[in-house]
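None of the values given here were measured: they were computed from a predicted structure. Just so you know, ligand 1 is whichever comes first in the structure, and atom 1 is the first atom listed for that ligand.
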Amino acid sequence: MERDHSAMLETSLDGLHLELLHLFAYQAAGLQMPLYLVGGVVRDIFLGRAVNDFDLVVEGGIASFAESILKKYGGKILVHSRFGTAKWILNESTFKRLDFPVSRFPDFELSFDLVSARSETYSQPGALPTVERSTIDDDLRRRDFTINAMALRLDGNHYGELIDPLGGEADLERGTIRVIHPKSFIDDPTRIYRAVRYEGRYGFQIEDDTLALIPDARSIIAELSAERIRHELDLILAEPNAASMLARLTELDLLKPIHPVLFFDESANSRLANIGSFRALRRISPWNLDRGEGNKRVLGWLLWLMSLSHNDIGSLNLRLQFTSDFLASLFATSTMFSTLSSFADITPSQCVERLSLYPLNAVEAVYFIAPDEKIKDVFFKYLAEWRHVKPHITGDDLRERGLEPGPRYAEILRRLRAAWLDGEIKSTEQESKLLDKLL
Ligand code: ATP
């Protein structure tokens with residue numbers, strides 16, 4: 001099908017990004033430097049998805065292109081000539097020079113990555129490649145799948161020209177994930193996980209010849225660094241369809257090669273299947289936990305792995321090298337999960353004693369999956385209410401009453417807190433009387 005690519009560009013990008021794209025195109029034309037929009041953004045434009053970020057590739061020296069942008073529009077440029085990359089960070093003065101209203105300047109860092117077209121060679125399977133400056137054609141051939149290996153040229157009269165040497169557009173129409181050459185998964189087995197992610201995200205199919213390349217690459221998965229494999233799993237766990245992607249990884253036997261304790265069974269599926277609604281619920285939950293980008297992924301990991309034993313978690317950590325915060329959360333979810341039924345008949349103070357040992361994101365994850373309404377209610381009350389209950393009497397009050405500082409302080413304050421939580425006392429007078437008794 002013949003498409004009007006420039007019209008597609010105009011409709012897929014928001015106003016600000018489109019104006020910035022035109023600026024890059026104009027600047028590149030002035031330097032007679034071919035400039036391309038590449039990779040996932042072209043794929044998403046073709047799929048009619050909204051895009052608000054893009055990757056740009058120039059054929060030629062990145063430094064001169066970056067300098068011309070800096071000279072004309074200000075901001076800040078960080079150039080890595082050795083890698084052929086540059087990052088342009090816009091500031092408010094850039095907006096003034098561009099005649100954009102400063103009120104449109106976003107509250108996050110607005111930046112664009114500019115890259116020189118390059119080719120890659122792999123000296124060793126699974127390792128990072130050696131990179132050399134090259135043409136757009138080579139740059140597309142080093143990519144993972146045909147659907148990610150298209151470029152739209154932007155400079156001057158070439159605006160909107162499609163570069164598609166590998167049949168990406170046709171594969172996109174067929175809904176096919178296809179590697180670019182038969183050694184692709186051996187060079188970089190993270191691509192197998194990427195393939196499964198795109199399959200699940202777009203409802204596509206990995207093409208048969210590509211599927212047939214997986215067995216030969218399976219043994220190389222063990223050579224991937226912890227960081228690279230964790231990154232791929234992070235990306236999967238951030239997707240709304242994470243459950244079906246993990247099920248597909250299991251079907252293709254791609255979890256065990258990462259580590260033998262990794263599994264995805266019916267029960268993990270039911271924990272993760274509602275991750276989209278958990279995330280929505282989280283946004284309106286009253287307990288105000290950290291909603292950062294990292295934490296979004298953490299929830300997915302915890303829902304998936306909470307049924308592992310402490311031993312298995314320890315062993316998995318040797319392979320994936322989790323951060324210490326995440327590891328603490330994972331151990332905590334595992335403990336809560338394996339003792340879940342004991343939370344059904346528990347007093348508020350016992351609940352606080354137990355749950356206050358754990359990171360809040362772990363408690364939250366278990367709250368989401370608790371199968372029993374009574375247990376769910378206990379976790380909900382802890383998160384929303386109980387954890388905030390404190391005695392009115394403080395350490396200073398105890399000192400004023402003449403108590404020698406020591407472990408008794410914590411004991412008494414804990415006892416008073418428990419009394420408030422369990423409704424044994426309901427006013428400061430009652431609290432004071434209880435303290436008299438304890439002293
Ligand atoms: P997503 O929507 O998942 O972020 P994306 O295509 O933007 O998709 P990135 O991970 O940002 O994905 O990568 C940008 C581009 O770089 C991809 O479109 C692909 O062309 C290329 N790429 C990324 N990872 C690899 C890889 N492991 N091997 C080859 N090419 C890759």
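The protein non-hydrogen atom at the shortest distance from atom 18 (O) of ligand 1 is Gly40 N, 3.1 Å. The protein heavy-atom contact nearest to atom 28 (N) of ligand 1 is Arg191 NE, 2.8 Å. The nearest protein atom to atom 19 (C) of ligand 1, hydrogens excluded, is given as Asp144 OD1, 3.5 Å; this is a heavy-atom distance. With respect to atom 14 (C) of ligand 1, the closest heavy atom belonging to the protein is Asp55 OD2, 3.7 Å. The nearest heavy-atom contact from the protein to atom 16 (O) of ligand 1 is Arg143 NH1, 3.5 Å. Arg201 NH2, 3.6 Å is the protein heavy atom nearest to atom 1 (P) of ligand 1. The shortest contact between atom 17 (C) of ligand 1 and any protein heavy atom is with Arg194 NH2, 3.8 Å. Looking at atom 27 (N) of ligand 1, its nearest protein heavy atom turns out to be Asp188 OD2, 2.9 Å.
Separation of the His5 and Phe46 ring centroids falls under the 6.0 Å cut-off. Aromatic ring centres of Tyr367 and Phe379 lie farther apart than the 6.0 Å criterion allows.
For Lys376 and Asp372, the salt-bridge test fails: no basic side-chain N is under 4.0 Å from an acidic carboxylate O. Ionic pairing of Asp171 and Arg174 is present here: one or more N-O contacts between side-chain nitrogen and carboxylate oxygen are shorter than 4.0 angstrom. The existence of a salt bridge linking Asp234 and Arg230 is excluded, since no basic side-chain nitrogen approaches an acidic carboxylate oxygen closer than 4.0 Å.
When distances from atom 4 (O) of ligand 1 to the protein are checked, no heavy atom turns up under 4.0 Å. Remark: atom 11 (O) of ligand 1 lies closer than 4.0 Å to no protein heavy atom.
Close N/O approach between Arg228 and ligand 1 is not found [any backbone or side-chain N/O within under 3.5 Å]. The shortest N/O to N/O separation between Asp44 and ligand 1 does not fall below 3.5 Å. Any N or O atom pair closer than 3.5 Å counts here, and Tyr202 shares no such pair with ligand 1. Note: no N/O pair closer than 3.5 Å links Val41 and ligand 1 by distance alone.
Ring pair Trp301/Phe322 is perpendicular by interplanar angle, where above 60° counts as perpendicular and below 30° as parallel. Using bins of under 30°, 30° to 60° and over 60° for the plane-to-plane angle, the ring pair Phe24/Phe65 lands in the tilted bin. Classified by interplanar angle (parallel below 30°, tilted 30° to 60°, perpendicular above 60°), the ring pair Tyr198/Tyr202 is parallel.
Looking at every heavy atom in both residues, Leu252 comes nearest to Ile214 through CD1-CD1, 4.2 Å. Nearest heavy atoms, Arg191 versus Arg142: NH2-O, 3.5 Å.
Heavy-atom proximity to Arg142, at under 4.0 Å, picks out these atoms of ligand 1: 29 (C). Using a 4.0 Å cut-off to heavy atoms of Arg197, the atoms of ligand 1 that qualify are 3 (O). Counting atoms of ligand 1 from 1 in the listed order, those under 4.0 Å from a heavy atom of Gly39 are 18 (O).
Considering only heavy atoms from C-beta on, Phe326 comes within 4.5 Å of Leu302 through its side chain.
Ligand 1 has Tyr198 within reach: a non-hydrogen atom of the residue lies less than 4.0 Å from it.
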Assess the residue pair Glu59 and Arg153 against the criterion (salt bridge (Lys or Arg N to Asp or Glu O under 4.0 Å)); give the C-alpha distance rounded to whole Å, side-chain angles, the decisive distance to 0.1 Å, and a yes or no. CA-CA 11 Å; Glu59 254 174 335; Arg153 189 159 169 183; 5.7 Å; no
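The part of Thr190 lying near ligand 1 is the side chain, judged by heavy-atom distances below 4.0 Å.
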